[in-house]
Each structure stands twice: as structure tokens, then as C-alpha cells.
Amino acid sequence: MKNKIELFDSVKRDKVEFIPIDNEVKIYVCGPTVYDNAHLGHARSSISFDLLRRVLLANGYKVTFARNYTDIDDKIINKMAQTGETLSEITNKYIKSYESDMRALNILDPDIKPKATETINEIAQMVNELLIKNYAYRTSSGDVYFDTSRDSEYLSLSHRNQKNEERESRLTKNEEEKRNSSDFVLWKASQNGDLVSFDSSIGSGRPGWHIECSAMINKHLAHQDKAYSIDIHCGGADLLFPHHENEASQSRCATGIELAKYWLHNGFVKINNEKMSKSLGNSFFIKDILQKYSGEVIRFYLLSTHYRSDFNFSEDDLIVSKRRLDKLYRLKKRVKISSDTDIIFRDKLLSSLNDDLNISQTLAELDKFISEANDKLDKKIKDSNISNSIIFINDLLGIGGSDEVEYFKFGLSSDERIDIENLIANRIKAKQIKNFKLADEIRTELNSMNIAIMDSINGTEWERIE
RNA sequence: GGCGGCAUAGCCAAGUGGUAAGGCAGAAGCCUGCAAAGCUUUCAUCCCCCAGUUCAAAUCUGGGUGUCGCCUCCA
């Protein structure tokens, strides 16, 4: 018997009990379009659904987790025109960079990482299926559009109404033949001068954006004989419409079954209370922030706010958040890692996360655990569960797994470390001859280098502070 | 214009009917040569405003204000 898990389903707009379709939980996350480095918004999304995955695993579920790469897109083609690089040169570069960022953030690697360019056949098949079933039509240029008026369930995902969608009329030249303004492109036929095109059973061209996710899910994950193709479909809140609406619609029409049983969306990362985005010029690349703080510190910071809330990023708050993580590592320094399981603590951490990933309560339990563990160590009460709990924390939250000494020395060169160690050695000598004035001067000097020191019976420890 | 989110202490942030978790900062104490770290205690008579339902509301209902977002590519 599994514990009860509740998740907020964006479609039902309510918390609902999670009941998997089958023994194996199938999750699909909309991944990045690989035309540039990943920013903090990508980090937030990845961390949110990495937590979901870890929570399901900790509850004893078998999970198959897929995250795609959109590696064919107009923005990539624009980049090709700008830089003269080939499609794969650009996409490989940014996929590599993305995966490096994800590793730094301690994101579990997906089981499946499909690419649009490796799914062309399946995309063409699905488009063809939609054409045959008359859910799609060709325009004179050869483009294929999805006819949204043919799906009575269209807009049921995002709860919009058709009238308002139809008021829009921002049509490009190729879109003038659309039957409905909300119709979207499934396949763009090759035109003279196109930098990229693929041969397929429906002719030469390239896929539209939405169709790739439907095709990838169908190829890699989907149940064929259930009420839903997959259990959980995740992505940023900005993808709910039109991306997920369109995905759901075309999948429903092509396969006859609903795409996902649950839809989860994470909130935005904001800067100065505005959504972080390329167009506003207020986005931060993950790799740039990694120069200054470890991936684990960034992970912990982004993890600390509930995944559905908007997250207002500030470096000051990041530092405050780090101080909280520091405590876990100071505790880790005090204990030797061994084994055994504290079932009660484990259940406490997990039960709050089982309530729509309530991280805030989980972290309160974590703080309590650290405080009680320190108290026991102060009082020399033996508790073999402490070290084991730290291991569980890392399994569940992806924090606390680094080396506890190295953690406090992030970003310092070996020369700098030697200087610090020398100063500390001099201070210990001064203390031994009771020259406290000199000892305090050295401590002040270390403080000015952003180094904090802690005397203990085991000698002097030091930490880099922000 | 349509649809939606959010509004809790100096800051960050849980809590969706039973009388305000947790973290940071602040204050006091223990410890320390002094510190730091750690531990203990303390720190919102009140949850944007108004009205209503209820024995009881931060939590439900109605109205209002502010703010962010989706409706074009976006995690």
C-alpha cells in the first residue's frame, strides 16, 4: 500500500490524488529549445520536476522520465544564418551546455532524451494520420495546419473561450489560408532557400513546434490501450497555452486517447518582480551564476519556494538560503557517515512532499532535524540515524551529498587555500603563547578575506563566507 | 477585452474553518581567552481593505484595491 500523494492538476485547477495509470509512472517534461544557454527559468523547471521524480521514487514507484530537446526551430535557423554554423553544431553545443548545467544542479538524468530531429518519421506519420482523419489540411504552399474547429475539446485544457481566440488576427503571409485563426502549423513545407528541411512521407519540410512533443510521447512513452497516454505532463506555466493545449488536441485527434492524466506547471522566475525572459533582457544564464555559487547552492535556493509560486530571484536571498544549507553541512562535518534508517524522519520529510510537493514544510522538518541532531551531539547522545538521514535527504532533495569540507571552500584556488591555512597555523601558534592580540589580528585579516573561522577541540575550521 | 495566479512580521516563506510552521536579520543566555559555530529562550493579539456566512475565518461567500502572468516565441 502506497502513501497518498496529491498533486495540483492545472487542467482541473485543483489538488487531486495521484493514481498512476499502471505500475510504472510515465512523466514527460517539455525541455529546452537549444539555441542558447539555459537560464534560471530552465533551472527552476528542471529542479521542480526533478523533485517530483525523486518523491515518486522515494514512495516506491517505478518512474520513466522523458525530457525532450527541441532541436529544430526558427530561432535555431536564425542562429545558423547569423553564425554560419550548421544545425547540429549549434544544437550539440547547447545540448552539451544544458546537460552540464543540469549535472551541476544535481538533476537526475532523464531516462529518455528524445530530439525532434530524431523523431521526423513519427511526426510525419502523426501529421499524415491527422490529414487522413480530416483534422488537418494543406494550404497552397504545402504547409499542413491543424483544424482546431474539428476538435470539440479544444481549449478545454487552458479553459479559454473560442470567441476571444478568434478576435486575434495577427496572420503572417503563409497563414492567410488558415480556416480558423487558432489553427496552428503541424508541418512547414520546404521553400526555396530554406536552410533546413527533412524528407518524409508527407514531403520535404520541417515540423511545427507542438507536434514534436505529441510524436515523441507516442514513440517513447505512450500506453496504447489506456484512457491516457502518460501519467504526468510537466512544463513551465507559459507553456499551458498554446503549447500544451495544441499538443493535447492533436494527440487526442490522432490517437483517440487523452495525452496526459495530470498536467503540472511550474511558476516563473522573476527579476525585480518581472518575468525573466530573453526579450526583457533580464535573464541570467545558469552557467554564469555557477561561476559564483555551487550548483547545489543554486538548487537549494530555487527549491526552497513551492514550485507553483513565482520565484523572485535576488542574490541577497540566495545568500540567506545558503546559510540554511550551510547548517546541514556543518552537521555533516560533525558526524561520520554510516548506515541505518530513521523511519520516522523519513516519513516526515516525505509526507509533506506528498502534498503537492510542499517543500516549505519539508525544509522546516529538515531544520528541526539539524537542530535536534546538533543538540544530541552537544550532549554526546549517540544516534546512529543522523548520518543515514543525511543520505536520505540527498536522495530525496538532491542536497547534502557533496564533501562537507570542500563545500565550504567553493571557488577558492589552491594558492588561496594555502595562504589561509598558513594564517590559521600562525594564529594557533599565537594562541599557544597566549598572544591573543596577534591571534585576533590574524582573525580580522581572515575575515577581511571573507573567511570565517571556528575554534573547536579538534582544531580550527574555516569557511568561505559571502 | 478574455482567462488565471498572488497579497501573511524588517526580509524570504508555510498554513484553506478551530484560534499564526520554518529560515534570515534582531534581543538575552550557555559555551569561548575573545569570537565564530552549536544549543536554549525571545521576536505577527494578527494574516491588503470592506461587508457577509458561522459558536468559530488568514482560511468560506460577495465587493473592492494592488500586483504579476497567459492570450506572439518562451521553463
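Throughout, protein chains are lettered first and strands after them, A, B, ... in sequence-line order, and every chain is numbered starting at 1.
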query = NA contact type, A:N273, heavy-atom cut-off 4.0 Å: base, sugar-phosphate, or nothing?
reply = sugar-phosphate
query = If you take atom types as modelled and just measure distance, does the side chain of A:R44 reach the base of B:rA75 with a donor-acceptor pair under 3.5 Å?
reply = no
ask   = What interatomic distance, in whole Å, is found between P of B:rA9 and the corresponding atom of B:rC46?
value = 12 Å
inquiry  = Nearest to the A:S45 side chain among B:rG38, B:rC24, B:rA75, which nucleotide is it?
reply    = B:rA75
inquiry  = Checking the side chain of A:R54 only, and the main-chain atoms of A:N394 only, is there a donor and an acceptor separated by less than 3.5 Å?
reply    = yes
Whole-angstrom distance between B:rG10 and B:rC43, as gauged at atom P = 15 Å
task = Kindly state whether the ring of A:F313 and the ring of A:Y301 have centres lying under 6.0 angstrom apart.
result = yes
query = What are the two closest non-hydrogen atoms of A:G398 and A:E296, and how far apart are they?
reply = O-CG, 4.5 Å
inquiry  = Tell me if a side-chain donor or acceptor on A:D9 pairs with a main-chain N or O of A:W263 at a distance below 3.5 Å.
reply    = yes
remark   = note: A:E441, atom CD; B:rA35, atom C1'; distance rounded to Å ~ 15 Å
ask   = Of all the nucleotides listed (B:rA21, B:rG33, B:rU40), which has the minimum atom distance to the side chain of A:A364?
value = B:rA21
query = If you measure from the P atom in B:rA27 to the same atom in B:rU67, how many Å do you get, rounded?
reply = 36 Å
